[in-house]
Each structure stands twice: as C-alpha cells, then as structure tokens.
2 protein chains.
Amino acid sequence: MAEITIKDVASLAGVSAATASRVLSGNPATSPGARARVAAAITELDYRPNAQARALRSTRSDSIGLLVSDVRNPFFADLAHTVEQAALSEGYVTLLGNANERKEQQDRYLDTLISRRVDGIIVAPLGDGSGSIASLIEREIPTVFVDRTVDGIDVPSVTTDSEAGIRQAVEHLSSVGHTRIGYISGPQATSTGRERFAAFTSAVADTGLSQDPELVYFGDFQAASGSAGVHALLDLDEPPTALLAADSLMAVGALAILHKRGLRIGTDIAMIAFDDVEWFALLNPALSVISHSVEDMGRLAVEMLLQVIAGGTPESVVLPSELIIRASSSSPISPSAGLRPRKN
Amino acid sequence: MAEITIKDVASLAGVSAATASRVLSGNPATSPGARARVAAAITELDYRPNAQARALRSTRSDSIGLLVSDVRNPFFADLAHTVEQAALSEGYVTLLGNANERKEQQDRYLDTLISRRVDGIIVAPLGDGSGSIASLIEREIPTVFVDRTVDGIDVPSVTTDSEAGIRQAVEHLSSVGHTRIGYISGPQATSTGRERFAAFTSAVADTGLSQDPELVYFGDFQAASGSAGVHALLDLDEPPTALLAADSLMAVGALAILHKRGLRIGTDIAMIAFDDVEWFALLNPALSVISHSVEDMGRLAVEMLLQVIAGGTPESVVLPSELIIRASSSSPISPSAGLRPRKN
DNA sequence: CTGAAAGCGCTTACAG
DNA sequence: CTGAAAGCGCTTACAG
C-alpha cells in the first residue's frame, strides 16, 4: 500500500509541501486559494498525516498515556473511561496500558509510553520508585499519579482519603455489635493498600475492637485473593462476624466464597467493600460500600496533567470517601452459631 | 530535558550510530566488543530509543490498536485484558481506544490509530462500513473484527454464534411456562444487536410464544437503556413474565429497576442476560446467562491479526454460546399477580 | 564487522 | 503569502 504523504497532497494542490503543512496546522500565513486547494486534495486523497513524523519534528504527540493497575477492576475501567473522555475533549488521545498489578508489566508499558514520547502520563503506580517510575522523573516527563502514590516520589497526585471511609465503616460495624472484624487488605506494595490497612488498624484500636492480627488477611486487590482471604478468616478458631474488603474485586471473590459456604450475608456475617460499583447495590442483600468519586478523580487527573505539560505545578488533591450503609451490614450481630457453615 | 539519542550512545561507546543501531536491533553483524560497549552506554545513559523515529524508518511500530465499543462493559474490559496479554507475549503493545458506542468517537480513534501507523487493528465495529472503517480497508491496514462485524466489509473476524444460546434461553423459558418474553435488544446498528434480535424473533416463533412486537424494546447496549426497557415492558397492558437482555450492561440497568419496582427476580419475573460476568452468579437469586468465551475471542483475534500482518488471510471463526441456567429463570411461572409492583 | 550517507514524512526558521 | 533547505532520530543498503 503506497502511503500518501504530504508531498502527494502538495503536488495535487499545486503548492509546496511547506504550504500544505501550514494549511494542515492552521497556520494563518496561507492564502485562501491555497487553503481551498489543499483541503480539496486532502479529501480527494483521504490523506492522514503521519503522526510519527509530525511528533519527531514538533516534539509533541498530542497523546497521553494512562497506566492503570488492572483494567478488569471496574474502578479502573470507569477511571479509564473518564480520563479518556476528558482528554479527548482537550484534543488528546489516550493510550491505555494495563499493569495487571505486576511491576514488570508496569515497567514495560512505561518504557513503551516513554519511547512513544507521549506528552504526559497518568499512572496508578505499583511498587517503590525504582525502575521506570524513576526514569519518568529523571526525564522530567509530565506525570500525575492517580488513586495511588509512591513514597519519596514527588509528583502531583489525585487520591482518595481512605481514612474517613474506613473509620466510618469500623464505627458502624461496632455500633451494630461486631467486635471482631476481618480485614481483607490490599498489597502493602501500594499506597492505597498501606493507607487503608493503617486506617483500619487505628480505627479498630480507637473503637476498642479486637486487634487480633489474625483478623487481617493480605490480598493483592484481585478477586482470587478475596476468596482466599475469606477461607483463611472463616477457618480461624474465632472467626470474625464482619468482613471489610479493601477493594471491589477482592469483595467479589469474598462474596463468592461466602455464598459457597452457605453463609447468609447481612445475617450470618456482615460485609462492606471499599469502592462503589453500580451493581453492588443490586445484590441481595445490597452491599454496603465505602464510596469515592471516580469521575472527579479522572477529570482532575487530566486537568492537572495538562497543567504540568504547560509547565505548571498543580497542588495535589485528596478526594473524600464516605460510607454508604446498605443491608449487608446494617443488621445487629446474630448469634455466633450462624458463623458455622450450614449444611445447606 | 535534553533527549538522549542514539548518537549519544554511539559516541560514549566509541562507535558509529550505525553500529549502535545494529546492536540495538540485535543485528548479528556486530563484534562482541561493540556489543558490550554499546550495552554499557545504554545502561549508563538510560537510553530509550525514540519509537517514532524508528517507526518512520522501518515502517513497523510493533504496536496494534484495539478499539472496543465500551470499556465499562465488563465483556470488553475482559477482552481488552486478554488481547493485551496475548499481544504482549508476541512483542506487541496494545493501544486501547474506546468508542463509547458512538460512531464519531470510533472514527476519531480509528483515525488516530491510522495516523500512528499501528501495525494492525482489532475492532469491535459500530455502524455501517462508512467513515474510517472504509479507510482501513482502502489502505489495506491489517484489520480483524471481534465480537461484531460490518455487512459488506470482508475482513477476518471472530464472533459468537448468538443464535444457539438465545434459542436455548427461549426454549428454557417456554419449558417453565412463560409465553410472553420481553426482549431488551441491542442497537440494530451493530451486527450482534441484529443477530440476537433475529435469533430471538425466530426462536419465539418456532416455540409458539407470543410474537407481540411490543415485547421488544430497542436499547443501545448501555445500562440506562436496560432500565428504560424494563419500565416500558412492565408498563404494557400485558407485561411479559420473563425478560431477556441482549448484554450484561442492559441487564444491570434492568435489574436495578426490577428491584426498585419491588419485583422478586425468579419468582415474580424470570430474567436471563447475554454475556457471562463473574458476579452474575453471586446475585441472589443467581442470574441465568448466555455464556461465551471472551478468552478464546481475544486470543484468537490476536492470533488472526498477526497472520494478517504476516500477509496471510485467516478464516473467520465463530465461537459457540450456551445457556447457563441459574435461579433467576428456573422457577415455574408464578401467578400473574406477582407482576404488579408490591407495596413493600 | 564497521562507517558514511541517504532518506523515512513531517515542520520551521530563513529568505523573498 | 510562499518555497527551498535543514533537520527531528532513527535504519539500511552500499562500500570497504
């Protein structure tokens, strides 16, 4: 397939490549006649400028990278959607990468995005500041962190204040009589994993609930670890009467096992998940959640990234989180007998 | 930020840019000494080749585009995940675009992907073959359709045979006593929307159920239209006793309204959704679904695209679909009184 | 095995 | 307002 270049357009329009280029970029130093003939030639040839060549010369690509930690996580799917729409309305196209909660994949995508010379990168980072994250900073590539941050790496970020929501959840569970809350934690390699765990720990201490370390299971934010967590927690000698999962995917994994083991949610065991997902409200009983706004997060991240690209240094933003109480956690604690798996 | 180029690497290693380039690309015509010194220089400088410049010369970018119709649809999120993993293992990075079920956005992303000279494109197409889809074909850009096809556009595709699953669903609903099945259809601008609608129509006719045209509501595969569909169908003089939704997102919208109107799923009204989503099994009652393999679809699409890029012309593949009966549809039909919204 | 040179498709001072 | 020329960072025949 013979690629159509700006030269083809120029010669069909009877002008030089320079003039054709000026028309393409909306440079005012062009005559109406030239504009018209070039426009006609472009349509006639169905010409698409080679973005690679353009970026090579002009050192901007009108694209940004978005690296999420797991596309299958509804929270990040929603984030991808808002970021993409916001970027598009500002004339940027979004290249989406998926780290799949693995550091090697994060590094690989970051390298690719750097190589493609995106104008900026929004990333929900994983791990410490080593590897490609460090390269980002060294090269002064405009970067904004979303949802998560990395200790010691100073870039603007938009995150959620997990503390408030988790504290509300713990206090709420305590108020309906629970004393042993099982916590399915995110990985300590992520800032959200650490923050939420710390919030849980201090809330439990402040509320006077059991601080038994066995009540904490460390998962990886993906579904299977939520399932494993439920098994581990229910098999304790003194199992918890309530469960708090640090993200929606682990909650899904947890719910599956709870069902399989014949436990009635909201009756035999209370359950709350971090992250609101539309259909959590559709479960029966409806699932209580700690909610935060993914729309605000995505929109602000794009806004901030554009500021960084423009040379600014926007302030980081911390968004609120809030407990939404639904049926899965609102009943008073039931007799502990309920905790033994029923024989169906 | 001073970009580090291959010249910097070359001079630090004491070789020419040509030799540095050869080492970079693994060209065997290099001496061990040169290889070692270039490798050292690369590490020393943290050099990342400019993918734009490379692609400009070599006319391949080692990237593919994946254009899905809606990232927030779990089916497409899963598809994005499998495609990306499969592509990565073949050395390709995936640029993900999201048409958001809008033709203008599809065209915009397709233009961008063409401009960036991706080596090939996997697309779940929308609309007819006009606009950028036509450009794809004219330019002979390697393309594979997934999930959907476009009439009159002859490119290899991997799709699902919706017919079998829908027929099973209709027959199953009939066998438990339903005669009026409400169908929440996908948009007729998509091949899956048309095929599933046709399958429903013919299955209903063959099974001797009501062919009342009012029992069909045309949605757009997004959640809000599923909600609107339920309202419309339940407000009929003779409302259906069972509902079949043509995708998971419309099913979610439908379930929300069913709950809001106080209808007990599986008892007052039966429900089946096309597309299996992990948590559909967690609903109470668990949701019956028509299942097809997103993993196979993604893996095959990448495989086929690589064949097209290599100059081959792979055969299109049609994957099976199958009904999975769960509690939401397995009870015999209840007295029609159940259909009136309860007063809670 | 290696280097000098040309060229991929653009854009942008520089003259005019 | 327009064109000729240089150059963005690479790769690849072509000689040697």
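Everything quoted here is computed from the prediction, not taken from an experiment.
- There is a side-chain donor-acceptor pair under 3.5 Å between B:Y109 and A:E84.
- Taking A:D119 as the reference, nothing meets the salt bridge (Lys or Arg N to Asp or Glu O under 4.0 Å) condition, with sequence neighbours excluded.
- Atoms CD1 (A:I114) and P (D:dG9) sit 16 Å apart, rounded to a whole Å.
- Sorted by first and then second residue, the salt bridge (charged side-chain N to carboxylate O under 4.0 Å, His left out) pairs involving residues 66-78 of chain B (not counting sequence neighbours) are B:D70-B:R72.
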Sort me out a list of protein N/O and nucleotides 12-16 of chain C N/O pairs below 3.5 Å, or just none if empty.
from, atom 1, to, atom 2, distance (Å)
C:dA13, N6, A:R22, NH2, 3.0

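- A search for side-chain hydrogen bond (donor to acceptor under 3.5 Å, both in side chains) contacts involving A:Q52 returns nothing, not counting sequence neighbours.
- Between the CD atom of A:Q52 and the C1' atom of C:dC8 there is a distance of 11 Å, rounded to whole Å.
- With sequence neighbours excluded, the residues that form a side-chain contact (heavy atoms from CB on, under 4.5 Å) with B:I42 are B:V9, B:L24, B:V38, B:Y47.
- The CZ atom of A:R54 sits 20 Å away from the C1' atom of D:dC10 (whole-angstrom rounding).
- Residues passing the side-chain hydrogen bond (donor to acceptor under 3.5 Å, both in side chains) test with B:R148 are B:S69, B:E101, sequence neighbours excluded.
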Please table the atom pairs, donor to acceptor, closer than 3.5 Å between any side-chain atom in residues 296-309 of chain B and protein atoms at least two apart or in another chain.
from, atom 1, to, atom 2, distance (Å)
B:D296, OD1, B:R299, NH2, 3.0
B:D296, OD2, B:S293, OG, 3.4

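- Within the structure, side-chain hydrogen bond (donor to acceptor under 3.5 Å, both in side chains) pairs that include any residue of residues 17-29 of chain B comprise B:S16-B:T19 (at least two apart or interchain).
- A heavy atom closer than 4.0 Å to some atom of DNA chain C occurs in B:A34, these being the qualifying members of residues 32-45 of chain B.
- Looking at which nucleotide of DNA chain C each of B:S31 and B:L56 is closest to, the 5′-most match is held by B:S31.
- The distance between atom CD1 of A:I6 and atom P of C:dG7, rounded to the nearest whole Å, is 19 Å.
- Protein atom CD of A:E3 is 10 Å distant from nucleotide atom C1' of C:dG9, rounded to whole Å.
- Look at CG on A:D8: it is 9 Å from P on C:dC10, rounded to the nearest Å.
- Under 4.0 angstrom from either OP1 or OP2 of C:dG9 there lies no side-chain N or O belonging to A:Y47.
- A:R117 and A:S61 form no side-chain donor-acceptor contact under 3.5 Å, judged by distance and modelled atom types alone.
- In this entry the distance linking CZ of A:R48 with C1' of C:dC10 reads 17 Å, nearest Å.
- In this structure B:R194 satisfies the side-chain contact (heavy atoms from CB on, under 4.5 Å) test together with B:D151, B:Q188, B:S191, sequence neighbours excluded.
- Paired regions of DNA chain D, where each region holds three or more successive Watson-Crick or G-U pairs whose two hydrogen-bonding distances fall under 3.5 Å, are C:1-3 with D:14-16, C:5-12 with D:5-12, C:14-16 with D:1-3.
- For the C1' atoms, the distance linking D:dG16 with D:dT12 amounts to 16 Å, nearest Å.
- As a whole-Å value, the separation of B:I4 CD1 from D:dC8 P is 16 Å.
- Among residues two or more places apart in sequence or in another chain, the side-chain hydrogen bond (donor to acceptor under 3.5 Å, both in side chains) test is passed with B:T112 by none.
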